[in-house]
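Worksheet: one structure, shown below.
So you know, we letter chains A, B, ... as the sequences are listed, proteins then strands, and number each from 1.
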2 protein chains.
Amino acid sequence: MAQATGDGTVGKALDVLDQVASFGRPVRFSELLEASPYPKATLYRHLQALTHQGMLSFDPDRQAYALGIRLVRLAHAAWTQSSLAPVARPHLDALSQKVGETVHLAQLDHGQVLYVDKRNAARPIEMFSEAGKVGPAYCTGVGKAMMAFLDETALAEAVSQQSFHRFTPATLTDAVALHDDLRAIRARGYAFDREEHEPGIICVAMPILTGKGRVLGALSVTSSTARTSLDGLEALVPVIRPVAERIAAEAEDWRFPDEGSETRQRMTAGM
Amino acid sequence: MAQATGDGTVGKALDVLDQVASFGRPVRFSELLEASPYPKATLYRHLQALTHQGMLSFDPDRQAYALGIRLVRLAHAAWTQSSLAPVARPHLDALSQKVGETVHLAQLDHGQVLYVDKRNAARPIEMFSEAGKVGPAYCTGVGKAMMAFLDETALAEAVSQQSFHRFTPATLTDAVALHDDLRAIRARGYAFDREEHEPGIICVAMPILTGKGRVLGALSVTSSTARTSLDGLEALVPVIRPVAERIAAEAEDWRFPDEGSETRQRMTAGM
DNA sequence: AAACCAAGTTTCACATAATGGAACTCTCAG
DNA sequence: CTGAGAGTTCCATTATGTGAAACTTGGTTT
């Protein structure tokens, strides 16, 4: 239901791409065929096209399709040219340093939370293996912080995409409970995760909003009930809020440093 | 000439995607139109479809298109399910620790070198802003190490995609010189970068090959002429080679830990 | 305020390109 | 050798993408 991809051929091809992604491992043609709404020939040609384009790679030994490295290249570009993530980087460094806790930066993607950066007080960030992860929106601080400030239609769509799986006793398991919490968040200006996703894990999350109130992303500080409490985290709000505001401001008037924009040929500095 | 995208509608749409990427910043419709081979309406519909699909994002304030965050999500999946990068991770850690120099892991993508991971002896890895970068193949250690072990047709294609720009006096500036070096590399089993890309920067690079001799990627240790010499780097070969072999072996019989593969809904562990 | 202009969006007849059933080819197992 | 399963190609049908041109919108000039 509500499969609703629909955007012509391109949409279908990207469907196939997602399908390959959803397996989380290289897949055989027949496995895809089984799970695909498309007939053999159609699926085949889409796989061909995507492979030819480098969006998929085909491992001839294993006879299996996997996601292609062109995606990594594109994502690098996406991350770099997104106004939010690169601008936020130094601020995340400073913030995690200051509060000594794990800091996340997230954006909303099809009703899900997508983590675009992270600072783990102790260990340094773990690259692609960490950033790029997605998680549920209805039971995470960042997710709720962002949803709370969506306009009506965007919110409705986002809510409809939530699965409301109960992870812990505190998980909000229906749209009504979620809306209540969102209302409170809107009034308060920031969100909490009260062990809603994982027992013992709590966080405060602050939305990152443009001057006009559009949601750019969210910022959170995560800790555990063993180390602190919700009150303890709330005490950090005066530290977190200005960081979020700063990031928003910088992201908004981020005028691109005029790099020579050669087509598809960005040189690296250090080999 | 040799624009050769060609794969039907999907290919064209991905062209557009690349075009947006090539700007390195959010772009207006008209800017794209100017640089696009496609007529207004066609370009417009492709942008619509891609945006709708989350491959592009449209910033309503700026009225500009940028790469979408869906790419980041897909790239995360690509990185995770690629057999090379995740398998290599601990080995890179160990290697950089051991040799105390910068270590790169790269793959070949359309004749260019794509860095998929990196360890910088001193500073921790710089995430998306580093991994995902592309560089020239003909004048880097990893690039030459990989090209040297391609089969004839793949090599011909890769060579044809080199730009042979002279970065330093040592840069190989034509196909003949490159072929000579590749022959030597094939004989020797590993490649050098003799300040060919950047003055003062040298490296040794080892290809990562499957049992059948297929190129999976390459591994390099980079340093500067101030700190060491080519001989000094060559002395590390006995350390590097087994690492490359180990990674190759593990990547080859990487049988995927059977995670529950829910479609498009991978849960995160720590909020 | 009216006229203008540029940027973006929609329309529509047409032609290209995607579709999918079926036939074909390969490879491997019995 | 025979059969089964997986993967690839064919081809008539039809859905889709195409692009010139008309239209709408928002901002600027006279």
Legend entry - Touch class at under 4.0 angstrom, heavy-atom based, for Thr42(B) against every strand present: base
Inset, instruction - Starting from the first five and the last five pairs of the helix from dA1(C)-dT30(D) to dG30(C)-dC1(D), work out the angle between the resulting helix axes, to 10 degrees. - result: 30°
Legend entry - Pairing residues for Gln161(B) by the side chain to side chain donor-acceptor pair (under 3.5 Å) criterion, not counting sequence neighbours: none
Inset, instruction - Assess the side chains of Glu250(B) and His91(B): does a donor N or O sit below 3.5 Å from an acceptor N or O? - result: yes
Legend entry - Counterpart residues, side chain to side chain contact (heavy atoms under 4.5 Å, CB included), relative to Ser36(A) (two or more places apart): Gln19(A), Tyr38(A), Leu43(A)
Inset, instruction - Just grab all the salt bridge (Lys or Arg N to Asp or Glu O under 4.0 Å) pairs involving residues 30-55 of chain B, residues at least two apart or on different chains. - result: Arg25(B)-Glu31(B)
Legend entry - For Ala49(B), side chain to side chain contact (heavy atoms under 4.5 Å, CB included) partners two or more places apart: Asp7(A)
Inset, instruction - For DNA chain C, note the earliest and the latest nucleotide, 5' to 3', having some atom under 4.0 Å of a heavy atom belonging to chain B. - result: dG8(C) to dA18(C)
Inset, instruction - Tell me which of Gln48(A) and Val10(A) sits closer to the 5' end of DNA chain D, going by the nucleotide each one is nearest to. - result: Gln48(A)
Legend entry - side chain to side chain donor-acceptor pair (under 3.5 Å) partners of Gln48(A), counting only residues at least two apart: Tyr44(A)
Inset, instruction - For Leu150(A), enumerate each residue passing the side chain to side chain contact (heavy atoms under 4.5 Å, CB included) test, keeping only those at least two apart in sequence or located in another chain. - result: Leu108(A), Met147(A), Ala154(A), Leu155(A), Ala158(A), Val215(A)
Legend entry - Partners passing side chain to side chain contact (heavy atoms under 4.5 Å, CB included) against Thr210(A) (at least two apart in sequence or in another chain): Lys212(A), Arg214(A), Leu216(A), Glu252(A), Asp61(B)
Inset, instruction - Please identify each residue that fulfils side chain to side chain donor-acceptor pair (under 3.5 Å) with Arg183(A), with sequence neighbours left out. - result: Asp180(A)
Legend entry - Contacts of Thr153(B) that satisfy side chain to side chain donor-acceptor pair (under 3.5 Å) - sequence neighbours left out: Asp151(B)
Inset, instruction - Walk along DNA chain D from 5' to 3' and tell me the first and last nucleotide with an atom closer than 4.0 Å to a non-hydrogen atom of chain A. - result: dG7(D) to dG17(D)
